[in-house]
Amino acid sequence: MENSELFELLETATNACDSFIKSEIALNDGDVESSQKFSKNGQTLVKALIKDTFVEIAEDFDIAEGGVNDYDYPNVLELIKALNEISMFVASLMSSNNDQMTMPIYKRKILKANNTVKEIFISLYEN
């Protein structure tokens, strides 16, 4: 697996998370126009993850791992949480120094977080 794909996953998930957080803050401040702008940017980034990066990562990891992480119900905060988990697990994987004991654990966690993001996103924005 190439680190460039992990960097792409980390960067895009982090940027999407940031956009959705800014959207929620703007909404709480009553700035609907900015909220919509940030939300649209986050949606664009997550769509790119789902259509491209998640597929590449799943193929590279070559792990038959399904399922999603538990969450109450689909909402933007759960999406932010799942995007943040991707970032945490990718950073952990990258810092594991190819430790053969921990790498499979982090890979499964990344795939599960990816599946969670996809499920929540589809429920929120594509139904």
Side-chain angles (χ1 to χ4, degrees):
M1 172 183 48
E2 293 185 28
N3 273 345
S4 62
E5 290 173 349
L6 287 175
F7 282 121
E8 180 183 341
L9 177 60
L10 179 61
E11 179 181 26
T12 307
T14 303
N15 287 335
C17 187
D18 183 60
S19 290
F20 286 117
I21 290 170
K22 287 178 179 175
S23 173
E24 289 296 298
I25 290 171
L27 187 60
N28 287 338
D29 290 343
D31 186 354
V32 175
E33 186 177 327
S34 291
S35 177
Q36 290 174 337
K37 180 186 87 172
F38 288 124
S39 178
K40 191 68 166 171
N41 184 58
Q43 290 175 49
T44 300
L45 292 168
V46 172
K47 283 180 186 177
L49 284 173
I50 291 170
K51 291 182 180 182
D52 182 38
T53 311
F54 287 179
V55 174
E56 291 173 4
I57 293 291
E59 289 173 357
D60 285 349
F61 283 3
D62 194 30
I63 298 173
E65 177 65 33
V68 297
N69 292 318
D70 290 334
Y71 58 92
D72 288 335
Y73 59 92
N75 62 57
V76 176
L77 290 178
E78 289 288 359
L79 181 60
I80 291 167
K81 178 183 165 193
L83 287 163
N84 184 59
E85 287 175 341
I86 291 172
S87 300
M88 290 185 324
F89 297 139
V90 168
S92 295
L93 176 64
M94 293 175 81
S95 66
S96 71
N97 296 321
N98 292 323
D99 179 349
Q100 298 304 311
M101 295 292 288
T102 59
M103 283 181 63
I105 295 167
Y106 290 127
K107 287 179 178 181
R108 281 191 292 278
K109 287 181 181 221
I110 290 167
L111 291 178
K112 212 169 181 181
N114 288 357
N115 291 340
T116 306
V117 166
K118 183 177 178 180
E119 181 175 289
I120 293 170
F121 182 81
I122 288 171
S123 181
L124 289 175
Y125 298 106
E126 295 188 354
N127 273 340

Any chance you could measure [X], atom [atom1], to [Y], atom [atom2], to the nearest 0.5 Å?
{"X": "Glu11", "Y": "Thr53", "atom1": "CD", "atom2": "OG1", "result": "10.0 Å"}
{"X": "Ser96", "Y": "Lys107", "atom1": "OG", "atom2": "NZ", "result": "9.0 Å"}
{"X": "Met94", "Y": "Leu9", "atom1": "CE", "atom2": "CG", "result": "9.5 Å"}
{"X": "Lys81", "Y": "Thr116", "atom1": "NZ", "atom2": "OG1", "result": "9.0 Å"}
{"X": "Glu119", "Y": "Leu79", "atom1": "CD", "atom2": "CG", "result": "11.5 Å"}
{"X": "Lys112", "Y": "Ile63", "atom1": "NZ", "atom2": "CD1", "result": "12.5 Å"}

Side chain to side chain contact (heavy atoms under 4.5 Å, CB included), that's the test. Do Asn97 and Asp99 meet it? Break it down for me.
CA-CA 5 Å; Asn97 296 321; Asp99 179 349; 5.8 Å; no
Assess the residue pair Tyr73 and Glu78 against the criterion (side chain to side chain contact (heavy atoms under 4.5 Å, CB included)); give the C-alpha distance rounded to whole Å, side-chain angles, the decisive distance to 0.1 Å, and a yes or no.
CA-CA 8 Å; Tyr73 59 92; Glu78 289 288 359; over 6 Å; no
Side chain to side chain contact (heavy atoms under 4.5 Å, CB included) for Thr12 and Val46? Distances and angles first, verdict last.
CA-CA 8 Å; Thr12 307; Val46 172; over 6 Å; no
List for me each residue that meets side chain to side chain contact (heavy atoms under 4.5 Å, CB included) alongside Thr44, sequence neighbours excluded, and say none if there are none.
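None.
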Honestly curious: do [X] and [Y] fall in one hydrophobic cluster under the side-chain, below-4.5 Å linking rule?
{"X": "Leu83", "Y": "Leu27", "value": "no"}
{"X": "Ile120", "Y": "Leu45", "value": "no"}
{"X": "Phe38", "Y": "Val117", "value": "no"}
{"X": "Met88", "Y": "Ile57", "value": "no"}
{"X": "Ile105", "Y": "Phe89", "value": "no"}

How close do [X] and [Y] get, heavy atom to heavy atom, and via which atoms?
{"X": "Asn75", "Y": "Leu77", "value": "OD1-N, 3.0 Å"}
{"X": "Ala13", "Y": "Ser87", "value": "CB-OG, 4.0 Å"}
{"X": "Ile50", "Y": "Val55", "value": "O-CG2, 3.7 Å"}
{"X": "Asn98", "Y": "Met103", "value": "CA-SD, 3.1 Å"}
{"X": "Ala58", "Y": "Leu111", "value": "CA-CD2, 3.8 Å"}

Which residue pairs pass the side-chain hydrogen bond (donor to acceptor under 3.5 Å, both in side chains) test with at least one member in residues 25-39, sequence neighbours excluded?
Ser23-Ser35, Asp31-Ser34, Ser39-Gln43
Measuring only between side-chain heavy atoms, which start at C-beta, is [X] closer than 4.5 Å to [Y]?
{"X": "Leu49", "Y": "Glu8", "value": "no"}
{"X": "Val76", "Y": "Glu24", "value": "yes"}
{"X": "Ile110", "Y": "Phe54", "value": "no"}

